[in-house]
Amino acid sequence: MLATVGAVLAARNSDAVILGVLDLTNKTEAKLGATRLGNAIQFVANASVLGYDVHAAMVFYGEWGTPSLRAKDCEQLWAQYGAALLQP
């Protein structure tokens, strides 16, 4: 995993942007607004059951240079720390 779990949990309430999500219904990139990092991880981890393709998804957060999260990172983080990621 590119980012440490501690850094992600500390930043869970930071603004995040998700790019690279494909809406399978209309075959276009989904237009997702800024959200909390914890919610972004939850969305990417569960997006495939909602009709989205996230194989190219990236979650950007924090200062410039902070490692982005890929779909696999989000799935692992959500599986292990889901509840903690949504805490205020």
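Note that the structure is predicted; figures quoted are calculated from it, not measured.
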Residues at least two apart in sequence or cross-chain that pass side-chain hydrogen bond (donor to acceptor under 3.5 Å, both in side chains) with Asp23, listed by chain then number, are Thr25
Next on the checklist: Are Tyr61 and Leu9 connected into the same hydrophobic cluster when the rule is that any two of I, L, V, M, F, W, Y join if their side-chain heavy atoms are below 4.5 Å apart?
Outcome noted: yes
- Message: Would you say that more than 12 heavy atoms from the other residues, nucleotides or ligands in this model lie under 6.0 Å from the CD of Glu63, or not?
- Response: no
Exercise for review: Please check if Val5 and Phe60 belong to a single hydrophobic cluster, counting links between Ile, Leu, Val, Met, Phe, Trp and Tyr side chain heavy atoms closer than 4.5 Å.
Suggested key: no
Can you give the donor-acceptor pairs under 3.5 Å from side chains of residues 14-22 to other protein atoms, not counting sequence neighbours?
residue	atom	partner	partner atom	Å
Ser14	OG	Ala11	O	3.1

For the backbone of Ile41 and the side chain of Asn39, can you confirm whether one donor and one acceptor N or O come within less than 3.5 Å of each other? no
Here the gap from His55 atom NE2 to Arg70 atom CZ, rounded to the nearest 0.5 Å, amounts to 10.5 Å
Ring pair (Phe, Tyr, Trp, His ring centres under 6.0 Å) pairs touching residues 32-53, sequence neighbours excluded, are Phe43-Tyr52
- Cluster overlap Val44 with Tyr81, hydrophobic side-chain contacts below 4.5 Å: yes
Rounding to 0.5 Å, atoms CG (Leu37) and CZ (Arg12) come to a distance of 10.0 Å
Note: Val8 and Leu85 closest approach over all heavy atoms is CG1-CD2, 4.0 Å
The reported gap from CD in Gln42 to CG in Leu86 (rounded to nearest 0.5 angstrom) is 5.0 Å
CG of Asp53 to CD of Glu29, rounded to nearest 0.5 Å, is 11.0 Å
*Is there a side-chain contact between Val59 and Ser68, using heavy atoms and a 4.5 Å cut-off?*
no
